[in-house]
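What follows is one structure encoded as structure tokens, with my remarks underneath.
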Amino acid sequence: MTSRSLHPDTVAVHAGREDLTDLGVHAPPIDLSSTNPLPDIETGGSAYETLASGGYPEGTAVYARLWNPTVARFETGLARLEHAEAAVAFSSGMAALTAAVLATTRETGRRHVVAVRPLYGGTDYLLASDLLGVETTFCEGTSAAVAAAIRRDTALVVLETPANPTLDLVDIRSVVMAADGVPVLVDNTFATPVLQNPLKFGAAMVLHSATKYLGGHGDVVAGVIACDEERAAALRRVRAVTGALLHPLGAYLLHRGLATLPVRVRTQQANARAVAAWLADHPDVARLYYPTDDHPLIGRQMDGTGAMLSIELRGGYDQAARLTSAVQVFTHAVSLGGVDSLIQHPAALTHRPVAPEARPDAALVRLSIGLENPTDLITDLDRALSVNGHVHPPLTAIRSRIPDLQT
Ligand SMILES: *Cc1c(COP(=O)(O)O)cnc(C)c1O
């Protein structure tokens, strides 16, 4: 049976492990070779040529900057989960974005990028800077705004949905239509392939900061792009020459992380729904940023509301500062998507490099909900918020109103 006919939960466990039984092993081997023996000069030279132009190893992998089989196992797993022909892994999400921009602009001679705001702060900053030699037009996620921003020399459209940190949902299909043939890259870090497969809606490339949900345990920094074989070859050419490689030990951990990804994401999502329901009518919360069930893209584009949420506090920056310092179960730290819950202040941290007009409000904090018991998470927030003197209905009084909350 090919893995294409299998449920994604099964693919997550088995993809990239197809040859293990023949190898007589149960866990994927980790290949740490920086170089590989060459059968003879001719074979070595031609394998080098093929790999440097973005192809697959023939006879020898030559050198680890060109190819690594442990990294390839993770790439296979992620490609299957995104319903893509291929995936290419990098040393970080930002390295993956850099490669996507270089592959689409330098190789086509077009130098213009359209970027839908809001975006992860690092992405926004990189595209706004002239570091990669591109000019970027930022716009809203409506088809009219995207269509107006597209130029004859536009090489790439970049969007994020759900977006960071407001959890705005962008209609991928309508942006793809408005892009009128220009490839659209979707940053799928927040949704993961468990909840959303952007290629199904016409995206050309799907980017993940694998540092987040894919790894899921806060111990690997990595990025990956899933796409068709032609674009993957272009990305491998850039990777081979710029060297933004994922180390095989990190690739092993990410590949292992994929096996539990569906279970983690669904449980984290259920926990986030409970936390969001509790925060929704908290007197200190001026605004909750979390997709609602009746949003037209929930169920159509994204299978659920995800496990990330943000809140704007009535007490502004001062209350945000007190809350982030007072939590005990949550960790005050940037990053997201791991088994443990994190809380952070985007304006001061993840979105610090963003231009002032696009920077999040100082009263906003972002929460990444983990696998802890949701009652413990709510109790932690309740205690940390009541440091401010407010009295909120005790948990027991609201428990019946939160369907996802189990004890
Ligand atoms: C973290 C993040 C990135 C950058 O990834 P790194 O692995 O930190 O380089 C890009 N996009 C989103 C949505 C992120 O959360």
Side-chain angles (χ1 to χ4, degrees), residues 71 74 78 82 87-102 113 115-129 131-132 141 156-170 172 184-193 195-196 198 203 205-226 235 239 242 244-247 250-251 253-254 257 265 268 289 291 302 306-310 333-338 341-346 349-354 358 360 364-370:
V71 173
F74 162 62
L78 192 272
E82 285 290 9
V88 185
F90 295 88
S91 51
S92 70
M94 293 314 296
L97 177 71
T98 298
V101 172
L102 293 178
V113 173
V116 175
R117 267 178 177 155
L119 290 163
Y120 170 69
T123 303
D124 193 298
Y125 178 74
L126 180 64
L127 294 176
S129 77
L131 200 58
L132 301 178
L156 183 67
V157 176
V158 176
L159 74 88
E160 204 174 291
T161 179
N164 192 352
T166 57
L167 289 312
D168 287 357
L169 301 184
V170 179
I172 298 169
V184 175
L185 177 146
V186 176
D187 186 330
N188 203 29
T189 301
F190 274 33
T192 83
L195 303 180
Q196 180 170 275
M205 287 179 273
V206 181
L207 180 145
H208 288 277
S209 168
T211 315
K212 318 293 168 53
Y213 286 98
L214 303 188
H217 295 73
D219 51 10
V220 184
V221 175
V224 64
I225 294 177
L235 291 168
R239 183 178 66 178
T242 59
L245 303 173
L246 172 58
H247 191 274
L253 290 171
L254 290 173
V265 168
Q268 287 176 242
Y289 295 85
M302 187 166 160
M308 295 295 300
L309 55 93
S310 293
V334 298
S335 198
L336 61 108
S341 296
L342 304 179
I343 186 168
Q344 69 107 8
H345 187 264
L349 292 145
T350 48
H351 291 68
R352 196 181 187 96
V354 175
L364 187 126
V365 294
R366 190 190 74 185
L367 289 75
S368 169
I369 304 301

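Counting starts at 1 for both ligands and their atoms, following the listed order. Both backbone and side-chain heavy atoms feed into the values below; hydrogens, waters and symmetry mates do not.
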Exercise for the section: Check for a donor-acceptor pair, side chain of His351 on one end and backbone N or O of Ala358 on the other, with a separation under 3.5 Å. Expected result: no

Problem - Whether Glu82 side chain and Ala87 backbone form a donor-acceptor pair below 3.5 Å - result: no

Fill in the blank from the handout: Residues Gly370 and Ser341: closest non-hydrogen pair is N-OG, 2.8 Å

Run through all N or O atoms in ligand 1 and write down each protein N or O closer than 3.5 Å, as a pair with its distance.
{"from": "ligand 1", "atom 1": "5 (O)", "to": "Ser209", "atom 2": "OG", "distance (Å)": "3.0"}
{"from": "ligand 1", "atom 1": "7 (O)", "to": "Gly93", "atom 2": "N", "distance (Å)": "2.9"}
{"from": "ligand 1", "atom 1": "7 (O)", "to": "Ser209", "atom 2": "OG", "distance (Å)": "2.9"}
{"from": "ligand 1", "atom 1": "7 (O)", "to": "Thr211", "atom 2": "OG1", "distance (Å)": "2.7"}
{"from": "ligand 1", "atom 1": "9 (O)", "to": "Gly93", "atom 2": "N", "distance (Å)": "3.0"}
{"from": "ligand 1", "atom 1": "9 (O)", "to": "Met94", "atom 2": "N", "distance (Å)": "2.9"}
{"from": "ligand 1", "atom 1": "11 (N)", "to": "Asp187", "atom 2": "OD2", "distance (Å)": "2.6"}
{"from": "ligand 1", "atom 1": "15 (O)", "to": "Lys212", "atom 2": "NZ", "distance (Å)": "2.7"}

Handout entry: Any pair counted as side-chain hydrogen bond (donor to acceptor under 3.5 Å, both in side chains), so long as it reaches residues 211-224, sequence neighbours left out
Key = Ser209-Thr211, Ser209-Lys212

Practice task
State, without any angle test, whether Thr350 and Gln344 hold a side-chain donor-acceptor pair at a distance under 3.5 Å.
Solution key: yes

Completion exercise
Nearest heavy-atom contact between Val71 and Arg239 is CG1-NH1, 4.2 Å

